[in-house]
Every structure is written in C-alpha cells, then in structure tokens.
Amino acid sequence: MKKYALKIPRADQVRSDHFSLDYDAELNEAQLQVVKTFYGPILVVAGAGSGKTRTLTYRVARMVESGIAPEAILLLTFTRKASQEMLRRAAALLDTRCEHVAGGTFHSFSNMILRRYGRAIGLDSTFTILDQGDAEDVIGILLDQIGFKKQGRSFPKKGTIHAMFTKAVNKEFSIDTVIAKYYSTYFQEIEELTKLHALFCQYKFEHQLLDYDDLLVYLQRLLEQHQDVRQHLSDLYQFIMVDEYQDTNKIQARIVRLLAATHDNVMAVGDEAQSIYAFRGANYRNILEFPEQFPGTTIIKLEENFRSVQPILNVTNDVIKQARESFQKRLYTRQIGGTRPILVPTLNERQQSQFVAQRILELWQEEGIPLAKMAVLFRSSFHAFDLELELNRRNIPFVKVGGVKFIEAAHIKDILAHLRVLVNPLDEISWRRMLLLLDGVGPKTAAMIIQQLLVEQNPFAWLSEYPKKTKYRLDVQRLGSTLLTILPLPPAEQVRMLREYYAPILKNHYDDFAKREPDLEQLNIITEQFTSLEKFLTEMTLEPPNRSVDNMAQVEDQDEDLLVLSTIHSAKGLEWQSVFVIWLAEGRFPSMYSLDDDEALEEELRLLYVATTRAMQHLYLTYPVYDNKWGNYFGRPSRFLEGISRKNLEQWSLFEEDIEEDGEEEFA
DNA sequence: GCACAACACTTTTTT
DNA sequence: AGTGTTGTGC
C-alpha cells in the first residue's frame, strides 16, 4: 500500500491574501516580525513605550485570523486587567473570538488549574486562598500556640516572619540563607524560625489553605510530578505568551518551561531595564537565560519609542545609563519637538504639594489637558499623604492607586471573614477574626469556641443556639443566626444583611466608623456583579481592586475625569501626557531601606527609569530640600539626579507671592 | 485566667 | 493605622 503524506500547512504559512487587518501598514518592521512569527521560542526585548501592548494585541488578532483556535492561546500577564485590556483591544480589532483566549496572571491561572487537577498532589478543589494578611494571621496563631515569646531577646513580628518565608520561597533560598542575607538581626532565632516555617507549611496543607506562593509552588509540583497533566495542558495551550517577563521569578520561568514542553511555542516579552520586583523574588536574568532554556530562540528587539518626546528620552537614557549592570540601551523616537523635563527643588513638603497642585490646575484649566491624562508618581504610598490633603483643599478630584488597598482595610476584611466561613466552614482564620469582634471574646475564648464548632455538623445552627451561659452568649447566638439566615441568599443580599449585623460592631470598634461606612456600601455594589459567592471571594483575593481605600467610595462612575496618584510599581505599563515624580530625595527615593545594598539601589534606579518613561509630553521632577518627616533635618536630593545631565533639564526655582486670599507661590 | 484599655512604636514596593 | 506590650479589673 502506498503511503501518501498529507501536508498540513502551519498557521503562519496559511496563504491569506485577505486578512481583514492591514498589518504591514499598522506596524513597524520589528513589530511585524513579532506578529507574524507563531512557532518556536521567541524573546521580545521591548523597550519602554515601544508599542508592546499594541504588538501583542495584533499578534493575537493575526493568530486567530490565521485559524488558530483562541482557546489554544494562553496569555500570561502581570495583572489580569492587563490581559483583559489586550484581549478587549484584539476583539475590537478583529472580532469577539479573541475574547476566548485564555488569559490572566500566573496566580489566577494556577488557581484554575489546581482546582481542576490539584487532586493528584493532594489538594481539594475547594481549597481557600490566603492573601498576605491571612498568611500573617496563620503565623500569628502558630506563635500563640507555641509561645516563642522570648524574654529579653527580640523575636520578629508575624509580618516580618511572613516576609522572610515568602522571600525564601520566591528566591528559592533556605530560611537560613534568607536570615543571613536580609535579616541578620534575627540570626539568633534561626532554629525557632525554621521550626516555625515547617509548622506553617504543615498548617496550611492540613487546612487546605494556599497562599500566593503556594499557588506557584504547587503548580510547578503538579507539572513536574504528573506527566499526564502536563501533557494535557501542553496540548491544550499550543501558544503561550508571557508579558513582563523581567518580573517573573524562577518558579514561574520553570512553569513556562514545563507548560511548553511539547511544542516550545513560547513568546516571552520583557525589558530587563524595567525589572522592579526583585524584592519579591523576580529575577531579570530570566530574560537573559531564556535563550538557554529554549534553544533556537529568535530574539526580536523593539527599540523605537512611540510614547515620549525626545527631550524626555534624553533624561530617561541618562537615568538608565547609571545602572551598573549594563542594560545599555538608548531609546529613540522619530517624533520631533517637545520640551525638556523640569526639575523643581522646593523648600519643604508643603511647598512641593502646593507646586504640584497648582501646576496641575494650570495644565488642566489653561492648557486643557484632562486630569486623567496626568499622574503623580512616588516611591512609597505615604509620600503622597500631604499632596492628597492639598488636592482635597483645592477640589482637584483624584484616584490613588497602590498603598493600603480597599481589600486590606480592617472593616472590609471583617465582612469578608463572615462570607468566607459560609463557603468554607473550616476556615479557622476567619472564625477567629469574627469571634474576636464580639464583646468579651478574646483569643482564648475564640479558640475554645472554634474547637467546638469545627466538629459540629452545622456550625451556624450550633452557634445560633450557643448553650453556655456567658456574657457573650447573646452575641454569639446573633452571629450564628445571622449566618444561618444569609447562607442561601445571593452575595449582594448577604452583604446587605451582614452590614446590618455588623453596624453596631463597627461603631463599637472603630472611632472613625463614619468614614468606614461608605466602604461597606462600596463592597455591596461590587458584590452585585457576582452570582457566586465563591467566585467573588476568589476574585477579591487574586485580583483585588487596586485603588486605595479612601478613594474607593467616592469613585463610582468610570468616566469621571480624575487625576491619578500612583506608586511607581502600580504605574507599570501605563502612560500619561504629563507626569510628576515627587520626593526625589535621598532616603525617600532611593528608599532608606536600599541605601546600603547595591542590588537594591540598582532596583531603585530602574524604578526611576520606569517612572520617567511613563511620560509622553511633560515630565516634572520635584524634591523638597527640607525633610521634616523623620526628625527635622535637611535632606539631600536623590543621587540619581546627579547622573542626569543638567543640559537635559530645565530648572525652576519657586518663590512665594502673596495674593489676596492666601499665599500662593509663582514661578520665576 | 482572661479581656481590654492605654501606651509606645514603626511604617516600601505587590500577586 | 495597626501591632505588640503592659497594667488593671473582672
């Protein structure tokens, strides 16, 4: 019998003279190469503002248009918002098929896979995800249980301990190494901490609790130990794209390697110069090592900048030039014109806030730039406190991104704890939180009640008929009956009734209850979009709204024109017409925690690079000369400013001019 | 033995 | 603003 081979063309070889999009006209040469290359490992080194998102969007469209099933594409990004936005744009370019592309963060992807296939490594499909605060609480409970409290010697607090543990996981160091390297003050406690870490892991596993790190670790384990699952996923996701590759850690890189085992169709996109998450284990060397991990890698560089005017790029180039590891790259643009970035020393923080607020007002009202096209960026969330006051004073509406998040506020966590036990009645952390809110209930009583209710068939019903004659009996019963009543209701209704239940507790517990009340209203609005409580809770831990608490309530309609205040970390991937970077002072930026560590300093520098490359037209760099935060002393301008050629900056000096109502400064 | 109010202290960046 | 510590009162 004659064998006759059928030659199936690969998707990138399918002749299609009638693509609905004119790719050649829309993209430059390098971008086009990215878009047209579907097969094999590809590393895209994408400089800031080089149209990376646009390129990825077109690539998704082209793949789908070439007949690749959207479900066979996996797009891993840093935030889920980023992937949704890309897929939305791809859908707008082509059609709604693009929305069926699988996308999300490593953590959300892992969550999905582990719920489905986690059985193989001992995970129940109903496991609970711990956010940072929850994981810290677990450590707190263990500390209580075993009484490590050392007299005389200082033992680290739960937050510090958790930071150590998570660093160990993400950098793949032993506890010893982490302590020696980053927490040498606690060198004495290595033994206890190692023991505690083992208990922590054991506790999580026994209670089916997964923290952020576990999501990655368990996914890696699943893929390594279960060939069949790996094969299945590899067959399913034929094309993998990973964005922000410079901010992945070793575990994530290994996950990518394992997922692509059978086909090698991986595109990693990133920029070493923008790596800003080393503190949580990210390793920009992942980019440099990608070609070794995937032999035969095609490297494509996107170097043309479409975002910023040349005078801004001159400054960003000066910034990154200071890096000791040579990321030597120079961004260039074909755009002409633009003005030099402006350097503004101010007397103190007050004056810095006044300057920023006044200048923003001018750009808004006189030059007609919408507030939403301007941003103020800072190293740490608290750097903006004074500015927030000033903006409020002048009625300039803004959103703040980063810092104490909505989801982390105590009163929000209180309500969420009540919801969580509805889904998982074995969630001790949440029980504890709820019980401690009741008058007369402390850690011991809470532990005692929890121990009893865990063995009950119906813990809610048991609580509602709580037998013990104690002063907190009525409160416990009220809690039980509330939970019992709301159990079958839809999420929004549950939250509404919980708010009623919680109102007296809120008043009792927090002096500023009036401020907190609107947040609960906001929580209620969010839950209205969900029909499943489980989904809602998972979403809130994996992809919480990243706006800070204070703003959450006031901002309801999306279209409102709002100034953006953001930490630089949260500004990744975004751009604005005008950008203000404040507090460019030693100890602030670079942060005081990085001053004695070369690697950390280097990361601060990259952070400044990320900040300055966000600006399209105008860039303002400010620093107060006088810093009254930590005792009164004269601060020094950031060392990073020294590396920027003065001819690339315009310097303004402020003077105050009295006007009728109150003193405001003007420019010289 | 336990809960709680008053106090002092420290506070980066995030999935 | 939250955490841990310490002293007081039930």
Side-chain angles (χ1 to χ4, degrees), chain A residues 76-82 104-111 129-133 135-137 140 143-144 149 151 154-160 162-163 166-167 169-170 210-216 244 247-249 251-252 275-282 377-385 401-405 407-411 413 435-436 438-448 470-472 508-512 515-516 539-544 546 549-550 566-572 583 587-595 600 603-604 606-607 610-611 629-630:
Chain A
L76 293 171
T77 51
F78 204 70
T79 63
R80 210 196 34 181
K81 230 173 84 193
T105 61
F106 274 91
H107 293 87
S108 65
F109 176 69
S110 175
N111 171 58
I129 299 172
L130 304 178
D131 67 18
Q132 185 181 315
E136 287 173 5
D137 286 346
L143 280 173
D144 270 356
K149 306 274 153 60
Q151 290 295 336
S154 67
F155 201 71
K157 321 191 219 197
K158 59 179 181 179
T160 313
H162 179 257
T166 190
K167 202 154 214 160
V169 175
N170 287 293
L210 271 68
D211 61 22
Y212 292 137
D213 302 335
D214 294 329
L215 285 171
L216 302 180
E244 309 284 9
D247 287 322
T248 55
N249 62 26
I251 306 176
Q252 289 166 319
S275 162
I276 53 175
Y277 281 91
F279 73 92
R280 72 170 212 216
L377 306 181
F378 31 84
R379 172 65 181 88
S380 310
S381 177
F382 74 94
H383 292 168
F385 286 169
V401 182
V404 178
K405 282 190 241 55
I407 197 83
E408 286 161 5
H411 49 301
K413 294 203 79 168
L435 290 167
L436 286 177
L438 306 179
D439 264 353
V441 178
K444 297 286 168 180
T445 311
M448 186 262 294
T470 52
K471 60 174 172 175
Y472 48 81
N508 197 353
H509 238 76
Y510 305 100
D511 298 338
D512 55 348
K515 255 192 198 164
R516 294 175 186 250
E539 185 119 341
M540 287 299 265
T541 12
L542 247 32
E543 293 282 342
N546 65 349
V549 223
D550 348 312
S566 174
T567 58
I568 299 169
H569 285 91
S570 297
K572 187 161 87 155
W583 270 120
R588 298 279 191 154
F589 196 176
S591 134
M592 56 185 299
Y593 299 95
S594 65
L595 296 180
E603 178 145 313
E604 301 280 315
R606 295 194 295 266
L607 210 42
V610 170
K629 181 75 184 180
W630 295 292

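Lettering follows sequence order; numbering is per chain, from 1.
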*Counting any heavy atom closer than 4.0 Å, what does D213(A) reach on the DNA or RNA strands: base, sugar-phosphate only, or nothing?*
nothing
*Options dT13(B), dT15(B), dA1(C), nucleotide nearest the side-chain atoms of D512(A)*: dA1(C)
_Can you measure E543(A) atom CD to dT14(B) atom P for me and round it to whole angstrom units?_
14 Å
*Write down the distance between CG (L436(A)) and C1' (dG2(C)), rounded to a whole number of angstrom.*
15 Å
*Heavy atoms under 4.0 Å, any strand shown: does P443(A) hit a base, just sugar-phosphate, or nothing?*
sugar-phosphate
*Among dA3(B), dT13(B), dT15(B), the nucleotide that comes nearest once only the side chain of T105(A) is considered*: dT15(B)
_Quick check on DNA chain B: between K157(A) and I276(A), whose nearest nucleotide comes earlier from the 5' end?_
K157(A)
*Tell me what E603(A) touches on the nucleic acid: a base, only sugar-phosphate, or nothing, going by heavy atoms under 4.0 Å.*
nothing
*Which nucleotide, dC4(B), dG2(C), dT12(B), lies nearest any side-chain atom of R516(A)?*
dG2(C)
*Stacking between F279(A) and the base of dT13(B) (centre distance under 5.5 Å, interplanar angle under 30°)?*
yes
*What is the distance from CG of L595(A) to C1' of dT12(B), rounded to the nearest Å?*
12 Å
*So does T445(A) get a side-chain nitrogen or oxygen closer than 4.0 Å to the phosphate oxygens (OP1/OP2) of dA3(B)?*
yes
*asked:* In this structure, how many angstroms lie between the P atom of dT11(B) and the OH atom of Y593(A), rounded?
replied: 4 Å
*Give the rounded distance in Å between these two atoms: OH of Y277(A) and P of dT12(B).*
15 Å
*Whole angstrom value for the distance that separates P of dT14(B) from CD of Q132(A)*: 10 Å
*Starting at CD of E136(A) and ending at P of dG4(C), how long is that distance when rounded to a whole Å?*
9 Å
*Verify whether one side chain among S591(A) and S594(A) offers a donor that lies under 3.5 Å from an acceptor in the other.*
no
_N/O (side chain, T567(A)) to phosphate O (OP1/OP2, dT14(B)) under 4.0 Å_ = yes
_Can you see if the side chain of S570(A) gets near the phosphate of dT14(B) - specifically, an N or O under 4.0 Å from OP1 or OP2?_
yes
